[in-house]
Amino acid sequence: MSNGHEEHPSDGRQVGPLLLESLDYVWDRVHTRLAGLSQEEYLWEPAPGCWSVRRTGDGAGDGWRADRQRPEPEPAPVTTIAWRLWHIGAECLADYTERGLGDWPLEVRDTGWYGQVDEALGAVDTAWTAFRAGLGRLGEEGMWGLLGEQWGPYAKGTWAGLVLHAQDELSHHGAEVALLRDLYARRTPG
């Protein structure tokens with residue numbers, strides 16, 4: 001009898017460790033690719049109209065905010081490395097953590113982010129550590145648990161499915177950051 005979702009195999013095999021090992025592999029690749037990121041690279045705008053992270057106001061105590069518009073324009077604008085790191089760290093990892101794995105791990109919220117590359121890299125690491133620790137506490141049964149009402153239209157999805165989604169986010173946005181770094185290194189003056 002079906003209860004509305006597929007049951008996981010009961011032959012002793014576990015999907016959790018396999019999913020987490022794959023996610024860790026992708027994170028290590030992305031994290032390695034961020035090594036040596038410079039301040040200029042971080043905020044480099046390779047095309048007109050880029051979305052980035054920008055200072056709010058004009059005083060020394062002002063914060064920084066990521067450009068964001070809902071719904072996104074079509075086509076979506078090119079984004080800077082700073083914007084991508086905000087998206088990975090805050091919109092993805094920190095948000096996923098707060099929706100069922102632990103407390104919000106960052107000092108900033110919403111579109112708030114960091115103008116300095118070292119602070120941004122530290123925040124992404126912090127968000128990753130909280131997210132990964134929360135996933136580790138789920139165990140095999142927890143991986144098959146439903147996300148819950150805090151996930152809105154995705155409430156009936158599983159944590160295992162979210163791990164796959166997170167891997168996709170890290171893979172494709174990490175690849176975009178890597179491409180931007182390659183283009184920055186080969187840009188022509190002027």
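Note: hydrogens, waters and symmetry copies are ignored here, and every other heavy atom, side chains too, is used. Counting from 1, the numbers follow the sequence of the chain as shown.
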Exercise for the section: Give a yes or no on whether Leu183 and Tyr42 share a hydrophobic cluster (residues Ile, Leu, Val, Met, Phe, Trp, Tyr; joining criterion: side-chain heavy atoms under 4.5 Å apart). Expected result: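 Yes, Leu183 and Tyr42 fall within the same hydrophobic cluster.
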Problem - Heavy-atom pair with the smallest gap, counting every atom of Gly174 and Val30 - result: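 For Gly174 and Val30, the tightest heavy-atom pair comes out as CA-CG2, 3.9 Å.
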Exercise for the section: Over all heavy atoms of both residues, which pair between Thr80 and Val53 is shortest? Give the atoms and the distance, please. Expected result: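 Where Thr80 meets Val53 most closely, the heavy atoms are OG1-N, 4.4 Å.
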Practice task
Verify, without hydrogens or angle tests, whether Thr56 (side chain) and Gly63 (backbone) share a donor-acceptor contact under 3.5 angstrom.
Solution key: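 Between the backbone of Gly63 and the side chain of Thr56 there is a qualifying donor-acceptor contact (under 3.5 Å).
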Handout entry: Donor-acceptor contact present, side-chain Glu140 to main-chain Gly16, <3.5 Å
Key =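 A pair under 3.5 Å: yes.
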Problem - Greater than 12 external heavy atoms within 6.0 Å of Asp103's CG - result: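 No, CG of Asp103 has 12 or fewer neighbouring heavy atoms, counting only those of other groups under 6.0 Å.
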Pairing residues for [X] by the side-chain contact (heavy atoms from CB on, under 4.5 Å) criterion, not counting sequence neighbours:
{"X": "Ala123", "answer": "Leu106, Trp113, Tyr114"}
{"X": "Arg132", "answer": "Leu20, Asp24, Trp128"}
{"X": "Ala47", "answer": "Cys50, Val78"}
{"X": "Pro73", "answer": "Trp51, Gln69, Pro77"}

Handout entry: Heavy-atom side-chain contact between Pro105 and Thr129 under 4.5 Å
Key =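 The answer is no; the side chains never approach within 4.5 Å.
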I need the [X] [atom1] to [Y] [atom2] distance, nearest 0.5 Å.
{"X": "Gln39", "Y": "Leu43", "atom1": "CD", "atom2": "CG", "value": "5.0 Å"}
{"X": "Leu170", "Y": "Phe131", "atom1": "CG", "atom2": "CZ", "value": "7.5 Å"}
{"X": "Met143", "Y": "Trp159", "atom1": "CE", "atom2": "CH2", "value": "9.5 Å"}

Using the side-chain hydrogen bond (donor to acceptor under 3.5 Å, both in side chains) criterion, which residues pair with [X]? Sequence neighbours excluded.
{"X": "Glu45", "answer": "Arg54"}
{"X": "Thr97", "answer": "none"}
{"X": "Glu72", "answer": "Arg68"}

Problem - Qualifying residues under ring-ring contact (aromatic ring centres under 6.0 Å, His included), relative to Tyr154, sequence neighbours excluded - result: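 Partners of Tyr154 under the ring-ring contact (aromatic ring centres under 6.0 Å, His included) test: none.
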Donor-acceptor pairs under 3.5 angstrom involving side-chain atoms of residues 161-168: please list them, not counting sequence neighbours.
unit_1 : atom_1 : unit_2 : atom_2 : d
His165 : NE2    : Tyr96  : OH     : 3.1
Gln167 : OE1    : Ser22  : OG     : 3.0
Gln167 : NE2    : Ser22  : OG     : 3.0

Quiz: residues 81-89 side-chain donor-acceptor pairs under 3.5 angstrom, not counting sequence neighbours:
unit_1 : atom_1 : unit_2 : atom_2 : d
Trp83  : NE1    : Asp67  : O      : 2.6
Arg84  : NE     : Thr79  : OG1    : 2.7
Arg84  : NE     : Glu176 : OE1    : 3.0
Arg84  : NH1    : His173 : ND1    : 2.7
Arg84  : NH1    : Glu176 : OE1    : 3.1
Arg84  : NH2    : Thr79  : OG1    : 3.0
Arg84  : NH2    : Glu176 : OE1    : 3.4
Trp86  : NE1    : Asp110 : O      : 3.1
His87  : ND1    : Glu91  : OE1    : 2.5
His87  : NE2    : Glu169 : OE1    : 2.9
His87  : NE2    : His173 : NE2    : 3.1

Would you give me the side-chain donor-acceptor pairs under 3.5 Å for residues 146-153, sequence neighbours excluded?
unit_1 : atom_1 : unit_2 : atom_2 : d
Gln150 : NE2    : Arg99  : O      : 2.8
Gln150 : NE2    : Leu147 : O      : 3.4
Trp151 : NE1    : Arg99  : O      : 3.0

Exercise for the section: Sorted by first residue and then second, give each salt bridge (Lys or Arg N to Asp or Glu O under 4.0 Å) pair with at least one member in residues 29-42; sequence neighbours left out. Expected result: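 Those involving residues 29-42 are Arg33-Asp182, Glu40-Arg187, Glu41-Arg181.
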